[in-house]
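Beneath this line is the structure, given in structure tokens, with notes to follow.
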Amino acid sequence: MNLLKLNNQDDRLDALKEAVKPFEDRAWKHDKEGTFPTENIKELQSIHYTALTVPEEYGGKNISLLELVKAQEIISKADGSTGLSVGWHMGIVKNLAETKAWPQQLYKEFCEKAVNDGALLNNTASETATGSPTRGGKPTTIAVKNGEDWLISGRKTFTTMAPVLDFFVVSAAIEGEDSVANFLISRESNGLSIEETWDSMSMRGTGSHDLVLDKVHVPANRLAAYLTPGDKAAAGWLLHIPACYLGIARAAKEYASSFALEYSPNSIEGTISELPNVRQKIGEMELKVMQSQHFLYSVASQWDNASETEQQAMKPELGAVKLSVVNDAISIVDLAMRLTGARSLSAKNPLQRYYRDVRAGLHNPPMDDMTIMLLASHTLSNSRT
Ligand SMILES: Cc1cc2nc3c(=O)[nH]c(=O)nc-3n(C[C@H](O)[C@H](O)[C@H](O)COP(=O)(O)OP(=O)(O)OC[C@H]3O[C@@H](n4cnc5c(N)ncnc54)[C@H](O)[C@@H]3O)c2cc1C
């Protein structure tokens, strides 16, 4: 199967649904052992999923944001950790095509590697000192000029997909200047190592370890872009995040609904699916899934159809959809667990994993408090007489 050869979005999504079926079983082991689902990523590479957001001129499919969120939801329904992991790569590649933030040659070279070898990248922006980079903190990772090239030293936290990344997009402050830049650093570079620090209770299979850089030599042409810390540009690609948590919420809803149709305690005739208290929860879950889906798909397709200027005005919607979908995903998993009862707490029950995994969404960007403040400013600036 080669998704790049399928010209119809629905065919690609159907093929992806088939491909991710084994991920569900593997999720147990990786969650339990805190290991990275390398085999899932290899399978996504082998069907060329990881090249779908590459522009057509470089051999990809330039899929729309709407298709990307639908695809990410499918993967995350099977395994949230795999979905969030590959979602960063997919989204960043799409974002770079839209913003043209990198020199054309550098982006082209990476894209060709993504198409031909399944190369993967991710942004490593977070640090202990800055916390979430969205708050505007300056990296303590430092780039020192070395002739025409650079020597980069520092430590990055939360490097999702660290076990399989081919390239790390590392943000670093430039010594002696007030500027910060992203550098594209290859995994093979001397002085680069991964410290296996990821011990989170959520998204245990994302391999979000620390990246340690000790005077890593980076060629001059790998300075990919100058950055403004806490950049306020609208970022449609970040919708891969709510897509991930909606996928997990759907899995919880389906599990609880199937359980309701099967569970028949001897206090009643038939199954608990006929009881009003259970049907109430099923209806509430369905309502939240529907609301999330429509909000997410509508904002994604609005982005797809907007001009660049219109996209920049979409920050309030982009923040709102992430906040709404993630918080509803947490509520949906909660309802699914209440419906299922104490069995949901068993280590053998998938709901306890979904419960832990959806919490991570609160700590992916943009953060809820920033979104609420943005919505307040948006309202007040539109209300000014
Ligand atoms: C599963 C997962 C995967 C991730 N993958 C990646 C990745 O691939 N690459 C990457 O770079 N990062 C990644 N991250 C990191 C993520 O983007 C955040 O940097 C990280 O979660 C820390 O955010 P925080 O809000 O907890 O931390 P902090 O920013 O330290 O915030 C902690 C608390 O302090 C408050 N706070 C801190 N600063 C301010 C401020 N200036 N104003 C107001 N309140 C403030 C916050 O409200 C919060 O309550 C990942 C995180 C998770 C959970």
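As the structure lists them, so they are numbered: ligands from 1, and atoms in each ligand from 1. Reckoned from all heavy atoms, side chains included, excluding hydrogens, waters and symmetry mates.
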Below 4.0 Å from any atom of ligand 1, is there a heavy atom belonging to L84? yes
Residues pairing under salt bridge (charged side-chain N to carboxylate O under 4.0 Å, His left out) where one sits in residues 88-97, two or more places apart or in two chains, turn out to be K94-E98
Under 4.0 Å from [atom], can you find at least one protein heavy atom?
atom	result
atom 42 (N) of ligand 1	yes
atom 49 (O) of ligand 1	no
atom 10 (C) of ligand 1	yes
atom 33 (C) of ligand 1	no
atom 28 (P) of ligand 1	yes

Hey, which atoms in ligand 1 end up nearer than 4.0 Å to a heavy atom of [X]?
X	value
P133	19 (O)
N122	7 (C), 8 (O)
N364	2 (C), 3 (C), 4 (C), 50 (C), 51 (C), 52 (C), 53 (C)

More than 12 heavy atoms of other residues, nucleotides or ligands under 6.0 Å from [atom1] of [X]: yes or no?
X	atom1	answer
K145	NZ	yes
R359	CZ	no
K215	NZ	no

Would you check the N or O atoms of [X], main chain and side chain alike, for any that come under 3.5 Å of an N or O of ligand 1?
X	result
T160	yes
D369	no
S132	yes

Side-chain donor-acceptor pair present, [X], [Y], cut-off under 3.5 Å:
X	Y	result
N146	H217	no
E188	S186	yes
Q312	E308	no
H378	E317	no
N7	K61	yes
E73	Y297	yes
H30	T35	yes

Given that the side chain starts at C-beta and the backbone is N, CA, C, O, which of these parts of [X] lies under 4.0 Å from ligand 1, counting heavy atoms, or is it both or neither?
X	answer
K156	neither
N123	backbone
H363	both

Protein contact of [atom] - nearest heavy atom, named by residue and atom, plus distance:
atom	answer
atom 15 (C) of ligand 1	S126 OG, 3.3 Å
atom 14 (N) of ligand 1	F158 CB, 3.3 Å
atom 30 (O) of ligand 1	G131 CA, 3.4 Å

Candidates R204, R135, M367, H89; heavy atom nearest atom 46 (C) of ligand 1 found on R135
With Y354 as partner, the option from I248, I330, N349 fulfilling side-chain contact (heavy atoms from CB on, under 4.5 Å) is I248
